[in-house]
Protein chains: 2
Amino acid sequence: MPYGLTVRYRTAMVVKRRLSRQDWAEAALAALADGGLAAVAVEPLAIRLGTTKGSFYWHFANREALVQAAVERWADEHTEALIRQLEPVSDPATRLRQLFEAAIGSGRISRAELALLAHADDPLVAPVLSRVTARRVDFIAACYAETGVPPGDARRHAVLAYTAHIGLIQAQRASGGTLLADRDRPAYLDFLYRVISVERPPRR
Amino acid sequence: MPYGLTVRYRTAMVVKRRLSRQDWAEAALAALADGGLAAVAVEPLAIRLGTTKGSFYWHFANREALVQAAVERWADEHTEALIRQLEPVSDPATRLRQLFEAAIGSGRISRAELALLAHADDPLVAPVLSRVTARRVDFIAACYAETGVPPGDARRHAVLAYTAHIGLIQAQRASGGTLLADRDRPAYLDFLYRVISVERPPRR
DNA sequence: TGCCTTCCGTACGGTGCCGTATGGTCTCAC
DNA sequence: GTGAGACCATACGGCACCGTACGGAAGGCA
């Protein structure tokens, strides 16, 4: 909501900016993160961007195209970028540890995550989500394998690590945050890291 | 139709009968399971039931009331009923084992589950979902405690068990079913059961 | 300066849903 | 059989959104 204001402000103060396809995609991803797939709607977004549908239908054929753009953007930002960033880390155990910390850390990340999981069977979401899920688990499994775990075990570890993570953010939200109090979180993470054979990360 | 019978013919296959509040709630839960919260819509449901909105607004004040009824129905069927069924099992380890088997078994159960998780922040869903989540995890933790695990550990075990389960059905759907092939499932469950300290259930 | 492309504003019609109003029909007690 | 209450059908207005049509404004370039 301060977003719309900002745009209005910018419009008034500076120069009226013409929007690009990327601007729309970015706004769509933001809307997705905090309103679900249904919030990716042309007219509301236009208002939020301080423009009108006229702009939108110049850059996109229809709403479907916008959703696709947003989802692709998400896949890149929240998976490929992270993997690119972790790939140079040579020690696989350190790599895993950093991955889990990054994943568990940001609540902003999980918001888009949850919105997409919520529409996993939507024809626009499903293919990307499926690709991303496979990519992540494969990456985790490869790290485990690199630490010396036999391949079959590596995959099982990876599946557990990934599902425990997804399940945790889901259940935390489902419980209204009462599932795990903040003060119990470190102990739980220690426990989880021990279970999935990751060396305990240093406490901050 | 050649019969000029007194029985009015409806488009649906069901014979025309007067509907109860429960009929609507049941249909709503079914719609929820396979179309998400948005599918709990009065007019489509009326068509599906072979009736009209006139019936609906006799039994319910508005759509909100219908959603509430469906969600409550879900909470009872998929949590309270299961717990009632498991409570008489005296051995806590057996109780846990049966619980996990029941939870992992039915795909029909998880469909409504997923639909509700998808709308965890909806004001109509949130309170019930939060209640149910707490109830389930508490139940699991109590079982663990009863097996002799110290209380703190019991809760951590319970959280892991629950989130691993939720995460698994989520990730399976997200991956389009490719996360864990059917043939890898038993081995994974063995692994999971070992990790969360539950005696391995007998293979069927 | 004028022109042409790129981009945006606005008006409009269409769709799917919610909720109300009102009158009709069915059922059961009597 | 009849009347009262329970239940349903239909028509209507409203809202939020999609997508189209078309007339402009903005900004580079001759």
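In what follows, every heavy atom counts, from backbone to side chain, and hydrogens, waters and symmetry copies are set aside. Each chain gets a letter, A, B and so on, in the order its sequence line appears, and its residues count up from 1.
- Atom P of nucleotide D:dT20 and atom CZ of A:Phe60 are separated by 15 Å, given to the nearest angstrom.
- Taking only side-chain nitrogens and oxygens, A:Arg18 never comes nearer than 4.0 Å to OP1 or OP2 of C:dC7.
- Residue B:Trp24 contributes atom CH2, which lies 16 Å from atom C1' of D:dA6 at whole-angstrom precision.
- Residue contacts for B:Phe56: at a heavy-atom cut-off of 4.0 Å it reaches no nucleic acid atom on any strand shown.
- The OG1 atom of A:Thr51 sits 11.0 Å away from the CG atom of A:Leu45 when rounded to the nearest 0.5 Å.
- The OH-C1' distance, from B:Tyr57 to D:dG13, rounds to 13 Å in whole Å.
- Mapping A:Pro44 and A:Gly54 onto DNA chain D via the closest heavy atom, the residue that lands nearer the 5' end is A:Pro44.
- For B:Glu43 and D:dG14, the CD to P distance is 16 Å, given to the nearest whole Å.
- Of the candidates C:dC8, D:dC17, D:dA6, D:dA6 carries the atom nearest the B:Trp58 side chain, counting heavy atoms from C-beta on.
- Between B:His157 and B:Tyr144, the angle of the ring planes lies from 30° to 60°, which puts this pair in the tilted group.
- Rounded to whole Å, atom C1' of C:dT15 lies 16 Å from atom CG of A:Asn62.
- The interatomic distance linking B:Asp23 (CG) with D:dC8 (C1') rounds to 14 Å, in whole Å.
- For A:Ser55, no side-chain nitrogen or oxygen approaches OP1 or OP2 of C:dG9 to under 4.0 Å.
- If you measure from atom CZ of A:Arg48 to atom C1' of D:dA16, you get 17 Å, rounded to the nearest angstrom.
- Taking 4.0 Å as the cut-off between side-chain N and carboxylate O, B:Glu72 and B:Arg131 count as a salt-bridged pair.
- Using a cut-off of 4.0 Å between Lys/Arg side-chain N and Asp/Glu carboxylate O, A:Arg136 and A:Glu113 are scored as salt-bridged.
- Residue B:Arg63 contributes atom CZ, which lies 18 Å from atom C1' of C:dT20 at whole-angstrom precision.
- Between A:His59 and C:dT6 there is no side-chain polar atom (N or O) within less than 4.0 angstrom of OP1 or OP2.
- Taking the six-membered ring where the residue is Trp, A:Phe191 and A:Tyr188 present tilted rings, their angle falling between 30° and 60°.
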